[in-house]
Amino acid sequence: MKNESIELLEHIKKAKEGKQASFNYLLDTFWNDVFNFQLKRTNNEYESEDITIQSFSKAFDKIDTFKEEYNFKTWLIQISKNIHIDLLRKKNASIRSKTTTDVDDSVYKIIDDAPTPEDKLITEQNLAQLLRFIKQLKPHYQEVINLRYFQELSYKEISEVLDEPMNNVKVKLLRARKLLAEIITNKKKN
């Protein structure tokens, strides 16, 4: 347990420095915790996934504010809880004019320099087979993979196409690549 917490603190420190691998580690480690927490609250898989994406997006955006003396999972769950409460308030509020969230380029950036192991695995597939694997993803993950890898759009362009904050796009791509890599790995084993 002690080694796990030391490893976690090291990844949090590296995430604060903008290291992609550490963002992947945090997403992989805590995705199910946040998703299952929201699933109990919403009883809706799609809504839970959307809130989870927003939770990680906000957490990655605000990771500099995380204090190491607190529990990271608790911090993430609290962010998730607040997002859900905000969404409920918006649903229950009278109809207002739709506001847009403009994400400034100077807002926290997830650096995507070196290809991840998932990227390498994905690029090793032949196109026809890769497309079959992509079809196994949920539609919103298929869309973000298509925009990023086939249409070669930047995060900013994808954000505009999907009308979503850029950090949500980054988290969706992290999650989509992980799920796609799992599908490919499982197919290779069979």
Side-chain angles (χ1 to χ4, degrees), residues 1-16 18-88 108 110 112 116-122 133-145 148 155 162 164-190:
M1 187 66 189
K2 195 127 178 123
N3 284 346
E4 279 182 35
S5 61
I6 291 170
E7 183 181 17
L8 175 62
L9 289 174
E10 189 61 30
H11 278 291
I12 291 168
K13 182 177 169 249
K14 287 180 180 175
K16 286 181 177 185
K19 301 286 188 251
Q20 179 70 43
S22 291
F23 286 111
N24 289 345
Y25 174 86
L26 296 172
L27 186 76
D28 293 347
T29 303
F30 295 103
W31 177 270
N32 288 338
D33 294 321
V34 177
F35 178 78
N36 290 331
F37 173 78
Q38 282 303 330
L39 197 54
K40 286 179 190 152
R41 293 174 68 105
T42 65
N43 288 321
N44 179 314
E45 195 175 310
Y46 180 79
E47 197 174 340
S48 299
E49 194 166 48
D50 192 48
I51 295 170
T52 303
I53 288 168
Q54 289 181 47
S55 301
F56 277 96
S57 172
K58 189 165 198 165
F60 290 166
D61 190 34
K62 306 276 185 208
I63 198 148
D64 285 337
T65 67
F66 175 74
K67 293 181 176 38
E68 281 74 11
E69 63 265 23
Y70 298 112
N71 182 304
F72 190 76
K73 179 179 161 184
T74 306
W75 183 71
L76 262 176
I77 296 288
Q78 188 59 50
I79 289 171
S80 183
K81 193 175 185 180
N82 292 342
I83 288 171
H84 184 236
I85 290 167
D86 288 347
L87 290 173
L88 289 175
Y108 191 80
I110 297 176
D112 67 340
T116 64
E118 290 93 352
D119 287 332
K120 288 178 183 146
L121 196 60
I122 291 166
F133 292 149
I134 291 171
K135 288 276 186 231
Q136 294 176 39
L137 295 172
K138 290 182 180 174
H140 58 281
Y141 289 137
Q142 289 180 31
E143 183 176 31
V144 79
I145 290 273
R148 181 70 174 166
Y155 287 135
L162 299 179
E164 283 189 35
M166 194 161 23
N167 277 340
N168 285 14
V169 168
K170 292 173 183 178
V171 172
K172 265 188 189 173
L173 265 167
L174 284 176
R175 185 74 182 144
R177 284 195 304 239
K178 169 134 179 68
L179 292 171
L180 190 55
E182 284 173 10
I183 291 169
I184 293 167
T185 303
N186 288 339
K187 291 292 179 196
K188 282 186 172 183
K189 287 178 186 171
N190 295 340

| More than 12 heavy atoms from other groups under 6.0 Å of CD on Glu45 |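 Open: at most 12 neighbouring heavy atoms sit under 6.0 Å from CD of Glu45.
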
| field | Enclosure of Lys138 NZ (heavy-atom neighbours >12, cutoff 6.0 Å) | value |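 Yes, because the 6.0 Å sphere around NZ of Lys138 holds more than 12 heavy atoms from other groups.
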
| request: Apply side-chain contact (heavy atoms from CB on, under 4.5 Å) to Gln20 and Leu174, showing your working. | output: CA-CA 10 Å; Gln20 179 70 43; Leu174 284 176; 2.8 Å; yes

Hey, could you give me the [atom1]/[atom2] distance between [X] and [Y], rounded to the nearest 0.5 Å?
X	Y	atom1	atom2	answer
Phe66	Asn71	CZ	CG	7.0 Å
Asn168	Leu173	CG	CG	11.5 Å
Asp64	Lys62	CG	NZ	10.0 Å
Leu26	Leu76	CG	CG	8.0 Å
Asp33	Ser55	CG	OG	12.0 Å
Asp86	Gln54	CG	CD	9.5 Å

Within a strict 4.5 Å, meaning less than it, do heavy atoms of the [X] and [Y] side chains meet?
X	Y	value
Phe60	Lys170	no
Thr74	Gln78	no
Arg41	Ile85	yes
Lys16	Ile12	yes
Asn24	Lys178	no
Leu9	Lys13	no

| field | Pairing residues for Tyr46 by the ring-ring contact (aromatic ring centres under 6.0 Å, His included) criterion, not counting sequence neighbours | value | His140

| Under the ring-ring contact (aromatic ring centres under 6.0 Å, His included) test, which residues partner Tyr141, sequence neighbours left out? |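 If we apply the ring-ring contact (aromatic ring centres under 6.0 Å, His included) test to Tyr141, skipping adjacent residues, there are no hits.
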
| Is a side-chain donor or acceptor of Ser57 paired with a backbone partner of Ile53 at a separation under 3.5 angstrom? |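 No, the answer is negative, given that no donor and acceptor are paired below the 3.5 Å cut-off.
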
| query | Between Gln38 and Ser80, is there a donor-acceptor pair closer than 3.5 Å when you use the side chain of the first and the backbone of the second? | reply | yes

| message | One thing to verify: whether Glu164 and Lys172 come together as a salt bridge, which I'm taking to mean a side-chain N less than 4.0 angstrom from a carboxylate O. | response | yes

| Aromatic ring centroids of Tyr70 and Trp75 under 6.0 Å? |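 No - the distance between ring centres of Tyr70 and Trp75 does not fall below the 6.0 Å cut-off.
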
| Where do Leu180 and Leu137 come nearest, in terms of heavy atoms and distance? |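 Shortest heavy-atom contact: N-CD2, 4.0 Å.
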
| request: On the 0 to 90° scale, with breaks at 30° and 60°, tag the Tyr25-His11 ring pair as parallel, tilted or perpendicular. | output: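 Aromatic pair Tyr25/His11 classed parallel.
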
| message | Quiz question: by atom type and distance under 3.5 Å, do the side chains of Asn186 and Glu182 form a donor-acceptor pair? | response |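 Side chains of Asn186 and Glu182: no pair found under 3.5 Å.
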
| task | Under the side-chain contact (heavy atoms from CB on, under 4.5 Å) rule, what do Phe30 and Thr52 come out as? Steps first, then yes or no, please. | result | CA-CA 10 Å; Phe30 295 103; Thr52 303; over 6 Å; no

